[in-house]
There are 2 protein chains.
Amino acid sequence: MNEMRPIRAKSGTNQEGASAHNRRVMIDALRLNGQLSRADLARATALTKQAVSNIIEELEGDGLVASLAVVRKGRGQPSTPYRLVPEGAFAIGLQIDRHVTRTIAVDLVGTVLARGEVNLPAGGPERGTEIILSLIDRTRRELVRVAPQSRDRLVGLGVAMPGPFGIDTDPDDPWMMALWQRFPLSETLASGTGLDVRLQNDAAAAATAEKMVGAAHGFEQAICIYLGYGLGAGLILDGELYRGANGNAGEIGMILTRPRGGTEDQRAPLEHRASIASLCKILELDPADPDLYRHLDDMAAASDGRVADWIADAAYELRGAVQILETTFDPQTIVLCGGMPPGLARRLIDAIHPLLPSIAERRMRSAPRLQLGLTNPWAVAIGAAAEPISRTFDPRFSAILKTRTPGPS
Amino acid sequence: MNEMRPIRAKSGTNQEGASAHNRRVMIDALRLNGQLSRADLARATALTKQAVSNIIEELEGDGLVASLAVVRKGRGQPSTPYRLVPEGAFAIGLQIDRHVTRTIAVDLVGTVLARGEVNLPAGGPERGTEIILSLIDRTRRELVRVAPQSRDRLVGLGVAMPGPFGIDTDPDDPWMMALWQRFPLSETLASGTGLDVRLQNDAAAAATAEKMVGAAHGFEQAICIYLGYGLGAGLILDGELYRGANGNAGEIGMILTRPRGGTEDQRAPLEHRASIASLCKILELDPADPDLYRHLDDMAAASDGRVADWIADAAYELRGAVQILETTFDPQTIVLCGGMPPGLARRLIDAIHPLLPSIAERRMRSAPRLQLGLTNPWAVAIGAAAEPISRTFDPRFSAILKTRTPGPS
DNA sequence: CTTATTAAGTCAATTGTCTTGACTTATTTC
DNA sequence: GAAATAAGTCAAGACAATTGACTTAATAAG
């Protein structure tokens, strides 16, 4: 009964932790390399052929991998390559945005199989969750229709919504996201769907999407700048999404800068200059307009002067943000993504160039310092759906460790 | 022979990887909690009593842990607490700075047992390494004198020097650190000492020191701002030092800001305003002066107006840097450390307050947003020495994984 | 065409490490 | 005293990777 001073320690592991890791490593290797033989896997993972054989056999039995046609590639017995089976696992993603809620169903390789969208009345979470649960239900039924196997292969529900979490948010926020954040959303959705639920901010979800099916695929160190209604960054560090102490890492929209033209000592959040919200304000558009995306596309194509002004201003701020991120994280690449029309995104990324000098300027670069990612209003929802897949199948330190059983008092 | 497209994968693990992890977890738990019984360790690590018993017995045999007096703490058999044995392992740290080189020897718990210092003639690495090797040799002999066990318990040599690495540095750099960076330092020192050598930048070393024996001890998420001749940050993310793609993560001194008073659009590196280099410039002091530390202390105590100006200016920039770091990393705390006199550091940290609003402003904070760390010219050398200890004994993902044997071509 | 070489993959036994469940020991509480 | 509680050990068992020999199937060389 010495509960007075809690003992702090990392947890240990055992053979099952090792085995779980090795399974994940196999799946990760197949995801990254497309297809590999058992011998390839043995070499790549430093395990023995025999160990790989056992694991692959087990994964095949679980319906997660399948063999392809035998290939002859020189001397020696031909090899049998294996690939991931897309229908091996499915997950649902939910994006709760300020004015719209989207659901996505994906499979093991990130293919979108079903989607749903609904405008959420600004009535707070109690009414909202009902609508959301029915939307999820509809998406699940659609998923089961196109992929009947999914019924018993759903690994979880990923939820993405604007951050930051656990902060006393701006009381003037017309979307009352603060209300949502105080609401026990995960618990409500978990009990309402029977699925394992995990919450993350929209930028993190966007980064997860970029990692699985986008521009950050295959990078161990990548930063995804997500320019949506707000501005955030998803941090992929050592191949894993970094969350910070409170799940708020990457909230770069709240970095205080001295904006161009601002007076001495006056600092304003980055996202007041570089976000869809700021663009809407300049263009006097209603961010809740369901056709916002098309309007923005039109106005960008029409070379609206106000759009050009916004681009110049946002690009100035983002140029600084890119330099800050390069300098603090030393990533392999930075990806700009977000719910903008591709044309606008392209103009924005062009306007950000030339980039400021930073430690990222090295001769032996294999990836561009800044590249365009998924510009797709569904990207965050895809990332939300990819999160349970990643959590279930990607090799992660925490997946090796034993979980502490909540011992009897 | 399909070496054309290298296969990318994380490596697998086996029972020995798990076992190595569990040993590290025990050591980590003892380091964090001071002393624990086998039953405590079993609960804390989620391993069985039996597993813990075996591991502790082995660690005791290796001379890394030792038992303390039996304690009765209620009903049941009394427990036997264990603690780390400081003499269980030793490491040497080397700090190569612009004008001075220092060596430190520490034991398993970070106690300093020997130190050495020498002014390095600005003659480049060829001459320098000879001097350094003899300094290391002197420190090793001193270490063996005070702790004879160290002779066969030296786990490595940690080297800290100013970053960034792998960049075409400023050709005007009077200290020619660029020359040092092109020099195969690790290899030379490894062959010269017979020790395992690892290189890191000075801010990372400072963070390692803060983690082991300083203000960041026990934090899983902490950022250490190191204000030395330059300015950098050591990033402790999920309990591990984050290095980035090229070992340059945290080089925040190279963040380009628009300094207070600067004209429109003009950006300058942070460390031009907030570093000992900038202070020396203002005070017209020679940074190579061996008595610099004392001079700075005197001038800070004497309320020199130029010092006050520098503090105000540096504090302005650092206030912004703290806000950027809080916003991007969401750490539990930020530690300000560096080779300044404590009085100056105290004035600087006071001047940085009040901090800017950020996501770190939450009601349930357990640690201060910004705190003072080690202000000790030897901190970086201590951190350099702590690195091999950390690498050898701390639980880390990579320590679980199998190392790929460089297979025969 | 035959044989050597090379590589993929399997089989069966072994090893290392944690787990399990019963047991011993030592202390406090009733 | 007797019961309860907790620390720690003992011995057997389970699990997952390793080891080394073996099988299979292809190309390369003579």
Side-chain angles (χ1 to χ4, degrees), chain A residues 1-3 7 11-26 35-60 67-82 400-403 405 407-409, chain B residues 1-3 7 11-26 35-60 67-82 400-403 405 407-409:
Chain A
M1 296 288 176
N2 56 343
E3 311 300 310
I7 297 171
S11 78
T13 188
N14 53 16
Q15 298 99 307
E16 278 145 48
S19 170
H21 170 73
N22 288 345
R23 283 178 57 118
R24 287 168 182 259
V25 164
M26 298 296 150
Q35 54 183 68
L36 295 171
S37 69
R38 300 183 182 200
D40 288 335
L41 284 164
R43 279 186 295 266
T45 61
L47 292 170
T48 58
K49 283 185 295 182
Q50 187 57 61
V52 170
S53 256
N54 295 340
I55 295 166
I56 288 293
E57 190 175 19
E58 194 190 321
L59 290 175
E60 195 169 16
S67 58
L68 295 160
V70 167
V71 281
R72 289 187 291 268
K73 53 170 184 253
R75 249 184 222 194
Q77 175 170 327
S79 63
T80 311
Y82 285 79
I400 296 184
L401 275 34
K402 295 185 67 171
T403 49
T405 43
S409 70
Chain B
M1 298 290 177
N2 56 344
E3 311 300 312
I7 297 170
S11 77
T13 187
N14 54 15
Q15 299 101 306
E16 278 142 48
S19 171
H21 171 72
N22 288 345
R23 282 177 57 117
R24 286 166 182 259
V25 165
M26 298 296 152
Q35 55 184 68
L36 295 172
S37 69
R38 299 183 182 202
D40 288 335
L41 283 164
R43 279 186 295 266
T45 61
L47 292 170
T48 58
K49 283 185 296 182
Q50 187 58 61
V52 170
S53 257
N54 295 340
I55 295 165
I56 288 293
E57 191 176 19
E58 195 190 321
L59 290 175
E60 196 170 13
S67 58
L68 294 160
V70 167
V71 278
R72 289 187 289 269
K73 53 171 183 252
R75 242 182 228 195
Q77 175 171 328
S79 64
T80 310
Y82 285 79
I400 297 184
L401 274 35
K402 295 184 65 172
T403 48
T405 43
S409 71

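What you see below is based on every heavy atom in this structure, not just the backbone, and it leaves out hydrogens, waters and symmetry mates. All chains are named by letter (A, B, ...) in the order of the sequence lines, taking the proteins before the strands, and each is independently numbered beginning at 1.
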Sequence-distant partners of A:Thr80, side-chain hydrogen bond (donor to acceptor under 3.5 Å, both in side chains), two or more places apart: none
A:Glu60: side-chain contact (heavy atoms from CB on, under 4.5 Å) partners, not counting sequence neighbours: A:Arg38, A:Val65, A:Ser67, A:Tyr82
Closest-nucleotide 5' rank along DNA chain D - winner of A:Pro78 and B:Ala39: B:Ala39
Closest approach of B:Ala42 to B:Val52 (non-hydrogen atoms, all atoms of both residues): CA-CG2, 3.5 Å
Collect all protein-nucleotide pairs involving nucleotides 27-30 of chain D in which both atoms are nitrogen or oxygen and the distance is under 3.5 Å.
unit_1: D:dA28; atom_1: O4'; unit_2: A:Arg75; atom_2: NE; d: 3.2
unit_1: D:dA28; atom_1: O4'; unit_2: A:Arg75; atom_2: NH2; d: 2.6

Partners meeting side-chain hydrogen bond (donor to acceptor under 3.5 Å, both in side chains) with B:Ser37 (sequence neighbours left out): B:Asp40
Length of the CD-P vector between B:Gln77 and D:dG8, whole Å: 6 Å
side-chain hydrogen bond (donor to acceptor under 3.5 Å, both in side chains) against B:Gln50, all qualifying residues, sequence neighbours excluded: B:Asn54
Any B:Arg23 side-chain N or O less than 4.0 Å from OP1/OP2 of C:dT17: no
A:Thr80 vs C:dG9: side-chain N/O to OP1/OP2 distance below 4.0 Å: yes
Side-chain N or O of A:Ser53 closer than 4.0 Å to phosphate OP1/OP2 of C:dT10: yes
Side-chain N or O of A:Ser79 closer than 4.0 Å to phosphate OP1/OP2 of C:dG9: no
Nearest-angstrom distance from the residue atom CD1 of A:Ile400 to C1' of C:dC18: 16 Å
Annotated protein contacts, base or backbone, on nucleotides 13-22 of chain D with a non-hydrogen cut-off under 4.0 Å, one of B, S, - each: -BBBSBB---
Side-chain touch B:His21/A:Ile400, heavy atoms, less than 4.5 angstrom: no
Whole-Å gap separating C1' (D:dA6) and CG (B:Leu41): 16 Å
Atom pair distance, as rounded to whole Å: CD in B:Glu57 and P in D:dG8: 13 Å
Nearest heavy-atom neighbours spanning A:Ser11 and A:Lys402: OG-O, 2.7 Å
Smallest separation among heavy atoms of A:Thr403 and B:Ala46, with atom names: O-CB, 4.4 Å
Pairwise salt bridge (charged side-chain N to carboxylate O under 4.0 Å, His left out) hits with a residue in residues 14-24 of chain B, at least two apart: B:Arg23-B:Glu58, B:Arg23-B:Asp62
